[in-house]
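Everything on this sheet refers to the single structure shown next.
Just so we're clear, the structure is a prediction, and the values are computed from it rather than from any experiment. Every number for a ligand or one of its atoms is a count from 1 in the order of the listing.
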Amino acid sequence: MNTQGKVWFVGAGPGDPDLITVKGRDLIARADAILFAGSLVQTAATQWASEQCVIKDSKDMTLTDITDWLITHAQPNKTVIRLQTGDPSLYGALIEMVQPLDAAGIEVEVVAGVSSAMAAMACAVESLTLPEITQTVILTRVAGRTPMPEGESLAELAQHHTTLCLYLSITLLSTVQRDLKAAGWADDAPVLVVHKATWGDEQQIIRGTLANIRELCRAAKINSQAMIVVSPTLGARHWKTLAKSKLYAPDFSHRFRRAETKTIEKKS
Ligand code: SAH
């Protein structure tokens with residue numbers, strides 16, 4: 001294989017430049033060329049690039065334009081970065097971009113990023129999982145131009161009554177409401193919408209119910225860049241009774257701590 005330069009797919013995180021990983025930031029600092037997803041990644045993420053670094057916004061480019069650009073810049077000993085919003089492996093067309101690079105004999109590496117689902121929950125001081133409430137998270141979307149594969153409609157996935165993080169779905173809230181109702185979620189089920197999580201003053205946190213979330217988002221003029229979370233864990237910060245995590249219970253032993261009283265051994 002004729003190995004040329006290397007292309008790094010780097011997760012830029014949800015918006016706040018401080019939420020890129022140290023590894024991602026160090027790569028930006030030594031990059032020769034950076035192609036960033038302009039509509040979503042704040043230009044600030046490129047603030048660590050050197051003066052000689054070629055920096056381009058990909059907002060007007062097709063997938064072929066993008067891979068051609070990456071291939072052209074991946075000359076021997078060059079570090080090329082494709083900077084993506086959140087984590088590159090979620091709704092990021094990663095594999096479509098990797099295949100032409102593989103075909104051109106260019107080495108590829110991926111650096112994980114903070115996905116917007118995690119960022120939204122952090123902004124709202126909410127937990128994706130809670131003991132005895134739900135221990136499962138489903139990252140999904142409703143069908144837009146991309147259809148959902150069989151068995152993955154929201155009405156089907158929502159039947160588990162676990163935490164649901166919905167990407168790319170803010171303009172389809174009526175579908176979200178319909179599908180969740182079909183799956184047995186109550187009108188007063190809590191719903192969280194975070195618009196531009198971690199984008200400073202532009203961030204908006206909307207808390208509502210399945211019945212009123214659409215009205216609330218319309219009133220707040222939110223119709224893009226929003227994470228929808230539907231979960232039985234929402235609002236737990238204010239609950240009077242809460243099942244405690246076994247990990248910190250005094251009677252629970254694990255690899256690093258001996259139980260104070262009777263022992264329940266954790267199988268790792
Ligand atoms: N790879 C990205 C997702 C890209 S798809 C990630 O891991 O987050 C784009 C969708 O991500 C948007 O429609 C929105 O649902 C969500 N999103 C991206 N950035 C966001 C942010 N800062 N706040 C809220 N949602 C965001």
Side-chain angles (χ1 to χ4, degrees), residues 8-21 23-24 34-46 57-59 61 63 66 81-98 109-126 128 137-148 152 154 157 163-177 179-180 191-208 213-214 216-218 220-231 234:
W8 297 80
F9 289 85
V10 175
D16 177 352
D18 284 352
L19 284 174
I20 194 168
T21 61
K23 183 163 186 168
I34 301 174
L35 186 61
F36 67 98
S39 56
L40 287 165
V41 177
Q42 265 180 329
T43 320
T46 58
D57 186 345
S58 66
K59 70 175 185 296
M61 296 165 86
L63 200 74
I66 289 173
I81 295 180
R82 167 65 179 160
L83 197 58
Q84 310 238 135
T85 172
D87 178 80
S89 75
L90 277 164
Y91 309 111
L94 176 67
I95 303 303
E96 287 112 297
M97 288 186 272
V98 166
E109 226 175 296
V110 182
V111 179
V114 175
S115 189
S116 44
M118 286 72 200
M121 293 304 261
C123 294
V125 194
E126 294 285 0
L128 286 165
V137 182
I138 297 177
L139 307 180
T140 188
R141 58 172 299 174
V142 291
R145 270 173 299 181
T146 307
M148 292 305 283
E152 291 187 28
L154 186 56
L157 296 176
T163 298
L164 295 159
C165 299
L166 306 177
Y167 292 73
L168 298 159
S169 302
I170 194 65
T171 58
L172 299 162
L173 273 174
S174 56
T175 311
V176 172
Q177 287 172 316
D179 286 2
L180 289 175
V191 181
L192 169 74
V193 170
V194 182
H195 171 65
K196 291 199 167 182
T198 80
W199 283 58
D201 292 348
E202 292 178 65
Q203 173 183 292
Q204 288 189 70
I205 299 177
I206 310 285
R207 293 175 187 275
I213 194 69
R214 199 165 150 232
L216 294 176
C217 287
R218 189 183 297 156
K221 298 190 168 51
I222 295 174
N223 51 25
S224 68
Q225 281 165 266
M227 176 57 50
I228 307 165
V229 182
V230 193
S231 173
L234 292 175

Any donor-acceptor pair under 3.5 Å from [X] side chain to [Y] backbone:
{"X": "Ser169", "Y": "Leu172", "answer": "no"}
{"X": "Ser58", "Y": "Phe36", "answer": "yes"}
{"X": "Glu126", "Y": "Met121", "answer": "no"}
{"X": "Gln84", "Y": "Gly92", "answer": "yes"}
{"X": "Arg207", "Y": "Leu234", "answer": "no"}

Would one find an N or O of [X], backbone or side chain, under 3.5 Å from an N or O of ligand 1?
{"X": "Pro14", "answer": "yes"}
{"X": "His195", "answer": "no"}
{"X": "Gly86", "answer": "no"}
{"X": "Leu90", "answer": "yes"}
{"X": "Tyr167", "answer": "no"}

For a side chain to side chain contact (heavy atoms under 4.5 Å, CB included) check, start with the C-alpha distance between Leu128 and Met118, then their side-chain angles and the critical distance, and finish with the verdict. CA-CA 8 Å; Leu128 286 165; Met118 286 72 200; 4.2 Å; yes
Under-4.0 Å heavy-atom contact with ligand 1, by part of Gln84 that carries it: neither
Going by heavy-atom distance to atom 19 (N) of ligand 1, choose the closest among Ser116, Ala12, Gly92, Ala197. Ser116
The test is side-chain hydrogen bond (donor to acceptor under 3.5 Å, both in side chains); show your working for Tyr91 and Thr146 and say whether it passes. CA-CA 11 Å; Tyr91 309 111; Thr146 307; over 6 Å; no
Per-atom contacts, ligand 1 versus [X] - under 4.0 Å to a heavy atom:
{"X": "Val194", "result": "24 (C)"}
{"X": "Trp199", "result": "22 (N)"}
{"X": "Gln225", "result": "23 (N), 24 (C), 25 (N)"}
{"X": "Tyr91", "result": "4 (C), 5 (S)"}
{"X": "Ser115", "result": "6 (C), 7 (O), 8 (O)"}

Using non-hydrogen atoms of the residue, decide whether Leu168 is closer than 4.0 angstrom to ligand 1. yes
Measure the distances from the heavy atoms of Ala226 to every atom of ligand 1 and state whether one is below 4.0 angstrom. yes
Kindly indicate, with the supporting measurements, whether the criterion side chain to side chain contact (heavy atoms under 4.5 Å, CB included) is fulfilled by Leu83 and Ile20. CA-CA 10 Å; Leu83 197 58; Ile20 194 168; 4.2 Å; yes
Qualifying residues under salt bridge (charged side-chain N to carboxylate O under 4.0 Å, His left out), relative to Glu96, sequence neighbours excluded: none
